[in-house]
Amino acid sequence: MTKILIDGNHILSGEIQISGAKNSAVALIPAAILAKSKSVIYNVPEIRDIDYLIKIMELLGCKIDHKDDALYIDSSNVKNVPIPEELSVQMRASYYFMGVLLAKFGRVEISFPGGCNIGARPIDIHIKGFQALGANVEIIKNRYIITADKLVGKKIYLDFPSVGATINLMLAAVGAEGTTIIENAAMEPEIVNVASLLINMGVKINGAGTKTIEIIGNKELDNGVVEVFPDRIESGTYIIIGALLGDNLKIKGIIKEHIEALLMKIKEIGINFKIDKDTITISKCNEIKPTYIKTLVFPGFPTDLQQPMTTLLTQAHGKSTIEETLYENRFKNTYDLNRMGAITNILTLNKLEIIGPRKLKGTNVIATDLRGGASLLIAALIAEGKTEIDNSEYILRGYGDVVNKLKNVGADIEISE
Ligand code: EPZ
């Protein structure tokens, strides 16, 4: 069991470099299987999900060379074998092997994906999309066997602009005859990042990043090269930490356009910051105003910053409300925030009230999911005294080198395995 230990309430100054985006990298690595034989992925984050993905890729016969933050993937001997449950349940993104292996081999056998327990998280939209392209889907217990003699491009309308379904159908459409059009597609930056690799391999794709994406199938692809976009959620998390404890804290490597909703919101609540190219400089704000936040799909306020933002709003002067519209079980972190001295009330499955400002006190807490863990990490950094965060594996799943990054700017933080 991994624990992060923090002695809180230290002002932070210096520089934090943002890593590559988890939610891009976990799609780009499986997508490399579509290349002629070789791919290079640069700026890969140092997080646990990558280790599991490499295990699956090697099981599928890929040779992977991991040098610094680059992955050199040789897929010339890729083979199609069932992906065992013990690997696919480690993370949500294992579902991307559905689209990739369907496009490459017309068959995939894999269990229901894992991932943070923040709601039901069905994959019905993925499945409906595969069926629209001509695939047959069998579910035996919780294993999916998806087969297609031939995938044929179609117009597919998504019932909800799901990130995972948009990317998975884009991947499957590479192996389809003719043109696939995805309507009501998700517009998150991760989709643009994945499309950039496929385009680099020779796939014709129009409209990635918009509500309508057009993919022209192509089975004769080249090798691929791509750089993982900076992680917008990691950026947002450190910006929130800077607003609480920063002394001209510099966060380097951000893409401003990817975090506009957060920047607008923190400006509205009285937090000052300066942006110069890919660097934001931010300092502690003593008069944070309360606010109302509604999580939405991109470019709206990201659900993955909802829990870190909750911790920030425990320090706001007054009552704030958060409406979580994407997941029905994403307030579990508030139980331990309240044990640290915060006042938060779950009004309904998707509405939370936060009353501040409250002084937080260090204690033993337990991370229940990735961003919930981040919310407790932030609380521990601002709290008086020591905090021990149990189940910190969750945090390491999505925040590369977090302990050193914070230690280098003055935090009193350790990790114990
Ligand atoms: C991606 O999950 C991210 N994960 C999530 O980040 C993020 O919260 C989410 O997008 C929304 O931005 C990865 O990229 C690996 P969705 P995904 O499909 O693809 C419902 C983190 O902390 N839905 O856009 O699973 C679903 O239940 C993680 O980094 C269906 O009903 O998200 C949810 O309520 C957590 N049927 C909503 O749509 C489907 O077939 C959004 O899901 C698919 C989704």
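Numbers here simply count residues along the sequence, with the first being 1. All values below come from the heavy atoms of this structure, side chains included, with hydrogens, waters and symmetry mates left out. Start at 1 and go down the list; that is how both ligands and their atoms are numbered.
Of the charged side-chain nitrogens involved, at least one lies within less than 4.0 Å of a carboxylate oxygen, so that Lys407 and Glu414 count as a salt-bridged pair. Under the 4.0 Å criterion applied to side-chain N and carboxylate O atoms, Lys211 and Glu183 are not assigned as salt-bridge partners.
A donor atom on one side chain and an acceptor atom on the other are found under 3.5 Å apart for Tyr399 and Arg371. Side chain to side chain, Glu353 and Thr321 fail the donor-acceptor criterion of an N or O pair below 3.5 Å.
For Asp68, there are no side-chain hydrogen bond (donor to acceptor under 3.5 Å, both in side chains) partners two or more places apart in sequence or in a different chain. Taking the salt bridge (Lys or Arg N to Asp or Glu O under 4.0 Å) definition, one finds that Asp336 meets it with Arg339, sequence neighbours left out.
Residue, atom and distance of the protein heavy atom nearest to atom 37 (C) of ligand 1 are Phe160 CE2, 3.8 Å. Closest protein heavy atom to atom 39 (C) of ligand 1: Pro122 O, 3.1 Å. Atom 12 (O) of ligand 1 has as its closest protein heavy atom Val163 CG2, 4.0 Å.
For the pair Val152/Leu133, no side-chain contact is recorded, criterion being any heavy-atom separation below 4.5 Å from C-beta on.
Shown in contact with Asp304 at under 4.0 Å from a heavy atom are these atoms of ligand 1, numbered in order with element: 5 (C), 6 (O), 7 (C), 8 (O), 21 (C), 22 (O), 28 (C), 29 (O), 35 (C). Proximity to Ile123 (heavy-atom distance under 4.0 Å) selects the following atoms of ligand 1: 39 (C), 40 (O). Against a heavy-atom cut-off of under 4.0 Å, Tyr327 is close to the following atoms of ligand 1: 2 (O), 5 (C), 7 (C), 8 (O), 9 (C), 11 (C), 32 (O), 33 (C). Within ligand 1, the atoms closer than 4.0 Å to a non-hydrogen atom of His126 are 40 (O), numbered from 1 in the order shown.
Residue contacts with ligand 1 include Tyr95, since one or more of its heavy atoms lies under 4.0 Å from the ligand. Taking a 4.0 Å cut-off on heavy atoms, Asp159 fails to register as neighbouring ligand 1.
When distances from atom 20 (C) of ligand 1 to the protein are checked, no heavy atom turns up under 4.0 Å.
For ligand 1, none of its N or O atoms has an N or O atom of Leu370 under 3.5 Å away.
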